[in-house]
There are 2 protein chains.
Amino acid sequence: MEGKQVKEDMEARLLEGGVRPTAMRLLISKFMLQQDTAVALTDIENAFAKVERTTIYRTIKTFEEKGIVHQIDDGTGIQKYALCEKGCKCDIARDLHLHFHCRNCNQTVCLTNYKLPHINLPQGYSAEDISLVVTGICKKCGL
Amino acid sequence: MEGKQVKEDMEARLLEGGVRPTAMRLLISKFMLQQDTAVALTDIENAFAKVERTTIYRTIKTFEEKGIVHQIDDGTGIQKYALCEKGCKCDIARDLHLHFHCRNCNQTVCLTNYKLPHINLPQGYSAEDISLVVTGICKKCGL
DNA sequence: TTAAGTATGCACTTCCATTGCATTGGATGA
DNA sequence: TCATCCAATGCAATGGAAGTGCATACTTAA
């Protein structure tokens, strides 16, 4: 029952984003929903051994274009992704948030409650996107 | 005369950082000093066609370890580097600054006058490094 | 001048992102 | 129901950048 609910939710969300909710896409999006950290392509690949890398790659790209996931560059050089929150428009002031990368466990999390501070820019510069990544030791590793 | 001054300055700076000021290292550091944007390995490689990639790579790594340059991850997936300012200890509150990446000209600059705002973290998390990159249109491209 | 340690050059590997093309599958209209 | 079309998926291959092992050249100090 819970599973079914989740499935329907994700399905609605994909449709809303203009993405056809294929089995593959539901699978991948549900997987991402279950994670509490940002995932790399390889993570998804490992979770679904049978699925082609390319498929995952393109699925994620589609999600990204449609605003279903956002990309995170945590400084490791490996692209990570996390589901956007509901109603997210990736608006700088309202939706973008802080990311934390733990150098010990190598995991990256979205701190969605920690929005970006206001940032001043020199005259003539215009901001379209902001990436704020704090690196250090996370709660789990810091004990 | 100016050139000589620069050379001596850089030499002093390398020595200060505990790096032997070889011809190669002076060359590379001086090149970086002249740039007003962060440079990628490839940029340096192109500037000095005769020099081995690996040498540049290791030179930069050395610089980075000794706190002479800092690495910038501007979201392009390509590592960029810029000289630290004098007296920089890469201290979060005092030295770290904002980076701006222009999606038009693809250049990344250090806005050293724009220090990082204070950032709150959830209980249990500790910050060691912060990367703040704003993407958008720079002054030159925005006209 | 020689020995030791460091820096540089060359060749090679690995990892991940990305693309082209063939194939499958699902929606749609006849 | 069947034919058709387009989107999604799978497979193979490419490309770009980071990184490493080893041989050689250079510097410094004894």
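Residue numbers begin at 1 in each chain, while the letters A, B, ... track the order of the sequences. Just so it is clear, the model here is predicted, and its values are computed rather than measured.
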Report task. May I ask you to check whether A/Phe100 and A/Tyr114 place their ring centres under 6.0 Å from each other? Result -> no
Query raised in the report: How long is the line joining NZ of A/Lys50 and C1' of D/dC11, in whole Å?
Result: 18 Å
Query raised in the report: Hey, which of these two, A/Lys80 or B/Ile56, hits DNA chain C nearer its 5' end, going by closest nucleotide?
Result: B/Ile56
Query raised in the report: Who passes side-chain hydrogen bond (donor to acceptor under 3.5 Å, both in side chains) against B/Arg20, sequence neighbours left out?
Result: none
Query raised in the report: From B/Phe48 CZ over to B/Thr55 OG1, what is the distance, rounded to the nearest 0.5 angstrom?
Result: 12.5 Å
Requested in this report: Say whether A/Thr37 and A/Gln35, considering side chains only, have a donor N or O and an acceptor N or O under 3.5 Å apart.
Outcome: no
Query raised in the report: Picking from C/dG9, D/dT9, C/dA7, which would you name as closest to the side chain of A/Thr22?
Result: D/dT9
Query raised in the report: How far apart are the C-alpha atoms of B/Glu16 and B/Arg13, what are their side-chain angles, what is the distance that settles it, and do they pass the salt bridge (Lys or Arg N to Asp or Glu O under 4.0 Å) test?
Result: CA-CA 5 Å; B/Glu16 202 178 320; B/Arg13 210 150 137 198; over 6 Å; no
Requested in this report: Provide, to the nearest angstrom, the distance between the CD atom belonging to A/Glu52 and the P atom belonging to C/dT19.
Outcome: 16 Å
Query raised in the report: Nearest-Å distance, CD (B/Glu45) to P (C/dT8)?
Result: 16 Å
Query raised in the report: How many Å lie between CG on A/Leu27 and P on D/dG10, as a whole number?
Result: 11 Å
**Report entry** Nucleotide-resolved protein contact map, nucleotides 15-26 of chain D, B/S/- at heavy-atom distance under 4.0 Å
**Finding:** --SBSBBB----
Requested in this report: Please report, rounded to the nearest Å, how far the C1' atom of D/dG10 is from the CD1 atom of A/Ile44.
Outcome: 17 Å
Query raised in the report: In whole angstrom, what separates A/Ile60's CD1 from D/dA8's P?
Result: 15 Å
Query raised in the report: CE of A/Met24 versus P of C/dT24: gap in Å, rounded?
Result: 17 Å
Report summary line: When rounded to whole Å, the CZ to C1' distance for the pair B/Phe48 and C/dT8 reads 15 Å
**Report entry** Residue pair B/Thr135 / A/Asp129, side-chain donor-acceptor N/O under 3.5 Å
**Finding:** no
